[in-house]
Amino acid sequence: MSSELVIGCVGKPSAGKSSYLNAATDANAKVGNYPFTTIEPNYGVTLYPTECPCVKYEKTNVCAPRYGKCVNGTRFIPIKMLDVAGLVPGASEGKGLGNQFLDDLRNADVLLHVVDVSGTTNEKGESTVDYSPVKDIEWLKEEIHSWIFNNLWKKWSNIVRRHIATKSSAAQTLQLQFSGYGTRLVQVQETLDKLGIKEPSMMETWDEFFVKQVVWGFLDVRFPIILVLNKVDLGSSDPNIAKICKLYPTQKMVPTSALTEIFLRKLNAQKFIVYKEGDEVFYTQEDEDLEQSERDKLKALDEKTRARLEKVKDLVMFRYGGTGIQNAIKLAVDSRGLIPVYPVKNLHSMSCDKNGGSVFRDCILVPPNTTVREIAGKLHPELDKYFLYAEGPRGVRRGENEVNTPKKNNIKFTTASETGGESKKSQQ
């Protein structure tokens, strides 16, 4: 039990999308330095790190997640990731593999735009030198915008005609058009609020330019983008990173090296180094900071591997504080403001079974402003159907319309049987 959130990895061919997915998950996406190495979308499961309530309730030694894991009070929650095959300029017009790629994005809630910040691949994913990655940032947004705008504008006159006839609000009319992108009414309303559009909206007066602005606003809400500046281990990356930071001062971005993460994990598995995903450092047999008992378990490095690790320390670990793979995942999930909720059967032991075991077994991520009753429905339809009441820590009753908050994320539900003759306490 985790979340229905889907992180979509997008970008041009050979930017490192598949390598990033492999570094962040157990997916085995095909990797190659040529266009369309990933023909079909690849799904994988990554782990989102967050503070586990087992620390607050002194249950760290008995915390037992059903999915993911808990390591020293850090909960790693499973999140689905989607690697969409490489986009090329003109995809919204059918170029490359065209709208197939864009249609796959309907399943994503937030986008990680993997950018080859080294400038060693052009817009088609072909090897080159001195290419500006700024171009990739711009055209990806343009392609997604064109895809949605073209679908909307080609039937705009009919949309306006129906809008007037049904006397609908702008939010209702647009939600109907944007529903194919997995859009909820609240997201459309948020878009209009940010654009300052109020009722009566007078949609019949909206011209092409204004509709394009509405689509741009919609993209910011429905498809927030995190820039993953990949291949920072290459020397040509530094000036490009500086340029991107200057041009997009408010854009969320993370410098990464997917191949470095894969390399370090491989060496860790082979007992050449000690490294944990997300760490800023790794240790070899020669590092005195590592306890002697741990050093004795490691194998000696050959000169070639030692030299490569020194380069990794200089270009990635010291300079950027790590490979950035987990940081990008955390930033993507946090951008949606999701709140972890831990449903339990016993508010004293925080267990999820009658025998007092399975402490903090389950966790789901819910959107902001989710009510207690809505959480019950997300856990199981029966909990919503036979909802009686909910309790928080110390048995404090919680109203069914009460909005959930990060400080009230432990909850117990009690349901009434269908006959109403007895009640049953349920945790799904």
Side-chain angles (χ1 to χ4, degrees), residues 7 9 14-33 42 44-49 68-69 71-72 74 76 78-79 81 83 112 114-118 120 226-238 241 253-332:
I7 300 175
C9 291
S14 300
K17 300 183 315 302
S18 295
S19 295
Y20 179 86
L21 191 68
N22 289 338
T25 73
D26 292 328
N28 293 311
K30 181 181 177 183
V31 180
N33 192 35
N42 287 264
V45 176
T46 189
L47 297 175
Y48 164 70
K69 59 185 177 180
V71 180
N72 299 324
T74 298
F76 291 87
I79 299 291
M81 292 189 72
D83 179 20
L112 291 180
V114 182
V115 178
D116 178 2
V117 77
S118 70
T120 56
I226 310 296
L227 295 182
V228 177
L229 306 182
N230 197 34
K231 304 185 183 182
V232 297
D233 50 303
L234 300 182
S236 56
S237 296
D238 288 351
I241 293 174
M253 62 185 77
V254 180
T256 68
S257 176
L259 290 181
T260 295
E261 178 73 16
I262 294 172
F263 175 59
L264 293 178
R265 289 192 186 187
K266 180 180 179 180
L267 291 183
N268 179 72
Q270 295 174 341
K271 303 298 182 182
F272 284 106
I273 66 172
V274 173
Y275 173 71
K276 185 179 69 175
E277 58 266 29
D279 279 358
E280 298 180 2
V281 297
F282 58 83
Y283 300 95
T284 69
Q285 190 185 65
E286 303 164 2
D287 286 311
E288 296 182 358
D289 291 339
L290 194 63
E291 293 184 7
Q292 187 63 49
S293 60
E294 293 298 320
R295 292 166 63 184
D296 292 341
K297 298 177 184 178
L298 297 179
K299 302 175 184 177
L301 297 169
D302 58 42
E303 287 302 320
K304 183 178 180 181
T305 304
R306 182 182 289 106
R308 187 174 176 186
L309 284 173
E310 285 300 320
K311 187 176 181 180
V312 164
K313 281 185 179 180
D314 178 40
L315 294 178
V316 181
M317 309 305 282
F318 290 161
R319 190 168 300 186
Y320 298 105
T323 66
I325 304 302
Q326 282 68 42
N327 289 343
I329 295 167
K330 183 170 177 57
L331 190 58

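The structure places NZ of Lys231 at 13.0 Å from CD1 of Ile241, a figure rounded to the nearest 0.5 Å. Once rounded to the nearest 0.5 Å, the distance linking OG1 of Thr256 with CG of Leu229 reads 7.0 Å. Separation of atoms CD (Gln285) and CZ (Arg306) is listed at 9.0 Å; rounding is to 0.5 Å. Summarising the geometry, atom CD belonging to Glu310 is positioned 9.0 Å from atom CG belonging to Asp314; distances are rounded to the nearest 0.5 Å. Rounded to the nearest 0.5 Å, atoms CG (Leu290) and OG1 (Thr284) are 8.5 Å apart. Annotation: the span from Met317 atom CE to Leu315 atom CG amounts to 12.0 Å, rounded to 0.5 Å.
In this structure, Asp279 has no salt bridge (charged side-chain N to carboxylate O under 4.0 Å, His left out) partners at least two apart in sequence or on a different chain. Listed by chain and number, the residues in a salt bridge (charged side-chain N to carboxylate O under 4.0 Å, His left out) with Lys69 are Glu277 (sequence neighbours excluded).
Remark: the backbone N or O of Leu234 is paired with a side-chain donor or acceptor of Ser237 at under 3.5 angstrom. Under the 3.5 Å distance criterion, the side-chain polar atoms of Asp302 are matched with a main-chain donor or acceptor of Lys304.
Two residues are said to be in side-chain contact when any heavy atoms from C-beta on lie closer than 4.5 Å; Ser14 and Asp116 fail this criterion. Side-chain atoms of Arg308 and Lys311, non-hydrogen and from C-beta on, never get closer than 4.5 Å to each other. Counting heavy atoms from C-beta outward, Asp233 and Val312 have side chains that stay 4.5 Å or more apart. In this structure, the side chains of Phe263 and Leu309 come closer than 4.5 Å at one or more pairs of heavy atoms. Side-chain contact between Thr74 and Phe76 is present, with heavy atoms from C-beta onward closer than 4.5 Å. Residues Ile273 and Asn268 form a side-chain contact, since some pair of their non-hydrogen atoms from C-beta on lies under 4.5 Å apart. By the 4.5 Å heavy-atom criterion applied to side chains, Ile325 and Tyr20 are counted as neighbours. No side-chain heavy atom of Ile7 sits less than 4.5 Å from a side-chain heavy atom of Ile226.
Residues Asp296 and Ser293 have side chains that never bring a donor and an acceptor to within less than 3.5 angstrom of each other. If you check the side chains of Tyr283 and Glu291, you find no donor sitting under 3.5 Å from an acceptor.
Note on Glu261 versus Arg265: salt bridge recorded, some NZ/NE/NH1/NH2 to OD/OE distance being below 4.0 Å.
Contact record, Cys9 with Met81: SG-CE, 3.4 Å, taken as the closest heavy-atom pair. Scanning both residues, Ala24 and Ile329, for their nearest heavy atoms gives CB-CD1, 3.7 Å. For the residue pair Ile262 and Ser19, the shortest heavy atom distance occurs at CD1-O, 3.6 Å. Closest heavy-atom contact between Thr323 and Val316: CA-CG1, 4.0 Å. Listed here is the closest heavy atom pair of Tyr320 and Asp238: OH-OD1, 3.0 Å. Of all the heavy atoms in Thr120 and Ser236, the pair that sits closest is CG2-OG, 4.2 Å.
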> Step by step, would you call Phe272 with Lys266 a side-chain contact (heavy atoms from CB on, under 4.5 Å)?
Replying inline: CA-CA 9 Å; Phe272 284 106; Lys266 180 180 179 180; over 6 Å; no

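Taking a 6.0 Å sphere around CZ of Arg295, one finds it holds more than 12 heavy atoms contributed by other residues, nucleotides or ligands. Around atom CD of Gln292, more than 12 heavy atoms belonging to other residues, nucleotides or ligands sit under 6.0 Å away.
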